[in-house]
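Everything numeric here is computed off the predicted structure, so don't read it as measured data.
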Amino acid sequence: MSTAPTQSRRFLFWIEDLGFRGLIRALHLLPYERRLATMGWFARKVIGPLAGYRDRALKNLAMVYPDKPEAERRAIADQALDTFGRTLIENYSRPEFRARIAKHTIEGPGLAVALEAQAQGRTVIFSSGHFGNHEATRTALDQAGFTIGAIYRPMKNPFVNRHYVESISEVSGPVFPRGRDGFKGFMDFLGNGGHAFLLFDVHAVKGQRLPFMGHEASTAFSAADLALRFDGLLIPYFNTRQPDGVTFKIELEEPIPHGDPRDMMTELTSRLEARIERDPGQWLWIHRRWKL
């Protein structure tokens, strides 16, 4: 059965894309740092409330942190929306974003083993959640000589999806849509010595239940499964946005040892949980993470 949008729906998609493109063009009239701050404000004050993202973030925060004062939960939601806005415009400011990331240093114990694996032709599965701007690490590793492929979830709006894919394709290596054909291409890429970036912190329709922030969440085991299948390293990575709102602390953690996939994903999840507990506003609370 065809899933193509109706003519009226397609028109609405076109209008939505027209407005989005107009916003991006207008923001590019601003200097880079001001552009990020403005898009962060717009996400907090306009996109978040209108799209229901702020209400969803507050609902998730109330579930995970019922004992935190409401004012604190609202502040975390605002920071998460600000991060969302800044990340979005960074990904549409590729040349300037790359130039900024080139000045960063990759830190953490995972860097040395990742470089060794690269020299040996061994696959590395880099995995994380929507924390800071995950593209900062992929950009930094691209500049360090890694060719990295990624899986993406196509957007419902085909007009937005077209330039969204173009923007993420400019980071490092090919990107593959979720689905049978995309997964086949991704597997061929890894089989030929490529490396992978995988985000595991969104609801997985066919995932398995794992505790996340005190509540069960459907989790894809792809990161562990691929590391085992290709005898690759599974390295958690994190990008913490710094107080200036522009720079990052980019870190590669110790690889997760091979073992039972559930144990590996439990460890990967615990690494992300530890980061969120330390700095909850860095994580994207707007997802329907606990939709079981």
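- A continuous path of Ile, Leu, Val, Met, Phe, Trp and Tyr side chains, each step under 4.5 Å between heavy atoms, connects Y32 with W41, placing both in one hydrophobic cluster.
- Side chains of H104 and T247 form a contact here, defined as non-hydrogen atoms less than 4.5 Å apart.
- A single hydrophobic cluster is seen to contain both M264 and L190, as judged by linkage of ILVMFWY side chains at heavy-atom distances under 4.5 Å, directly or through other members.
- Residues that satisfy the ring pair (Phe, Tyr, Trp, His ring centres under 6.0 Å) test with F200, not counting sequence neighbours, are absent from this structure.
- By the 30° and 60° cut-offs, the orientation of the rings of F183 relative to F186 is tilted.
- Remark: aromatic rings of F212 and W283 are close, center separation under 6.0 Å.
- One finds no salt bridge joining K156 and E16 here, because no Lys/Arg side-chain nitrogen approaches an Asp/Glu carboxylate oxygen to under 4.0 Å.
- The nearest pair of heavy atoms linking L36 to G245 is CD2-O, 3.9 Å.
- Salt bridge E90/R86: absent, no basic N to carboxylate O contact under 4.0 Å.
- Under a 4.0 Å N-O distance rule, the pair R138/D142 does not qualify as a salt bridge.
- Under the 4.5 Å side-chain criterion, counting only non-hydrogen atoms from C-beta, L141 is in contact with L252.
- W285 and A80 make their closest contact through CD1-CB, 4.0 Å (heavy atoms, listed as atom of the first residue, atom of the second, distance).
- Note that the CD1 atom of I250 and the OG1 atom of T139 stand 8.0 Å from one another [nearest 0.5 Å].
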inquiry  = Before you tell me yes or no, could you show the steps for R241 and T87 under side chain to side chain donor-acceptor pair (under 3.5 Å), namely the whole-Å CA-CA distance, both residues' side-chain angles and the distance that decides it to 0.1 Å?
reply    = CA-CA 10 Å; R241 190 179 295 275; T87 296; 3.3 Å; yes
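- Looking at Q242, its side chain does come within 3.5 Å of a backbone N or O of T240 through a donor-acceptor pair.
- The existence of a salt bridge linking R289 and D201 is excluded, since no basic side-chain nitrogen approaches an acidic carboxylate oxygen closer than 4.0 Å.
- The two residues A136 and I101 make their nearest non-hydrogen contact at O-CG2, 3.7 Å.
- Residues F230 and M187 are in side-chain contact: their nearest non-hydrogen atoms beyond the backbone lie under 4.5 Å apart.
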query = Passes salt bridge (charged side-chain N to carboxylate O under 4.0 Å, His left out), R229 versus D225? Steps please.
reply = CA-CA 6 Å; R229 177 166 182 167; D225 291 340; over 6 Å; no
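- Atom NE2 of H258 is separated from atom CG of D231 by 6.0 Å, given to the nearest 0.5 angstrom.
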inquiry  = With side chain to side chain contact (heavy atoms under 4.5 Å, CB included) as the criterion, how do M39 and I47 come out once you've worked through the C-alpha distance, each side chain's angles and the decisive distance to 0.1 Å?
reply    = CA-CA 10 Å; M39 189 58 186; I47 298 176; 3.8 Å; yes
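- R262 and Q208 share a side-chain donor-acceptor pair at under 3.5 Å.
- Ring centroids of H287 and H130 are separated by less than 6.0 Å, placing the two rings close together.
- With ring centers used as reference points, Y92 lies under 6.0 Å from F20.
- Annotation for S127 and L234: closest pair CB-CD1, 4.0 Å, computed over non-hydrogen atoms.
- Here the side chains of R288 and H203 are not in contact, with every heavy-atom distance at 4.5 Å or above.
- Between the side chain of R209 and the backbone N or O of S218, no donor-acceptor pair lies under 3.5 Å.
- Linking Ile, Leu, Val, Met, Phe, Trp and Tyr whenever their side-chain heavy atoms come within less than 4.5 Å puts L284 and L50 in one cluster.
- Between I235 atom CD1 and F197 atom CZ the span is 10.0 Å, to the nearest 0.5 Å.
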ask   = Would I125 and L198 satisfy side chain to side chain contact (heavy atoms under 4.5 Å, CB included), going step by step from the backbone distance to the final call?
value = CA-CA 7 Å; I125 310 297; L198 291 176; 4.0 Å; yes
ask   = For E33 and R100, what are the C-alpha separation, side-chain angles and deciding distance, and is it a salt bridge (charged side-chain N to carboxylate O under 4.0 Å, His left out)?
value = CA-CA 11 Å; E33 292 188 12; R100 295 298 182 107; 3.4 Å; yes
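- Side-chain atoms of T219 come within 3.5 Å of backbone N or O of A217 as a donor-acceptor pair.
- Using the six-membered ring where Trp is involved, F248 and F97 have ring planes that are perpendicular, over 60° apart on the 30 and 60° scheme.
- Cluster membership check: V202 does not share its hydrophobic cluster with M213, using side-chain heavy-atom separations under 4.5 Å among Ile, Leu, Val, Met, Phe, Trp and Tyr.
- Residues A43 and F84 share a closest heavy-atom pair of CB-CD2, 4.1 Å.
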request  = Applying side chain to side chain contact (heavy atoms under 4.5 Å, CB included), run through L272 and L268 and close with a yes or a no.
outcome  = CA-CA 7 Å; L272 176 58; L268 186 58; over 6 Å; no
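- For S93 (side chain) and E96 (main-chain N/O), no donor-acceptor pair under 3.5 Å exists by modelled atom type.
- The backbone N or O of G259 lies less than 3.5 Å from no partner atom in the side chain of D263, so there is not a single donor-acceptor pair.
- Expressed to the nearest 0.5 Å, how far CD1 of I256 lies from CE of M265 amounts to 7.5 Å.
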ask   = Does the pair T137 and F238 meet the rule for a side chain to side chain contact (heavy atoms under 4.5 Å, CB included), with working shown?
value = CA-CA 7 Å; T137 298; F238 297 97; over 6 Å; no
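- Using cut-offs of 30° and 60° for the angle between ring planes, the H195 and F126 rings count as perpendicular.
- Two residues are said to be in side-chain contact when any heavy atoms from C-beta on lie closer than 4.5 Å; N239 and H134 meet this criterion.
- Using a 3.5 Å distance cut-off with no hydrogens or angles, the side chains of Q79 and D82 do not pair a donor with an acceptor.
- In this structure, R73 fails the cation-pi test against Y65, since its NZ or CZ atom is not both closer than 6.0 Å to the six-membered ring centre and inside 45 degrees of the ring normal.
- Contact check for N133 versus T83: no side-chain heavy atoms found under the 4.5 Å cut-off.
- Side-chain atoms of H215 never come within 3.5 Å of backbone atoms of P211 as a donor-acceptor pair (strictly under, hydrogens ignored).
- Residues satisfying the side-chain contact (heavy atoms from CB on, under 4.5 Å) criterion with L30, sequence neighbours excluded, are L27, R34, R35, T38.
- Taking CG of D55 as the reference point, atom CD1 of I286 lies at 12.0 Å (rounded to 0.5 Å).
- Between atom CG of residue L23 and atom CG of residue L88 there is a gap of 8.0 Å, rounded to the nearest 0.5 Å.
- Taking each heavy atom of G182 and F176 in turn, the nearest pair found is O-CB, 3.4 Å.
- Remark: side-chain polar atoms of S128 are paired, donor with acceptor, to backbone N or O of Y237 under 3.5 angstrom.
- By the side-chain contact (heavy atoms from CB on, under 4.5 Å) test, R74 is found to be paired with R54, L58, E70, residues two or more places apart in sequence or in another chain being considered.
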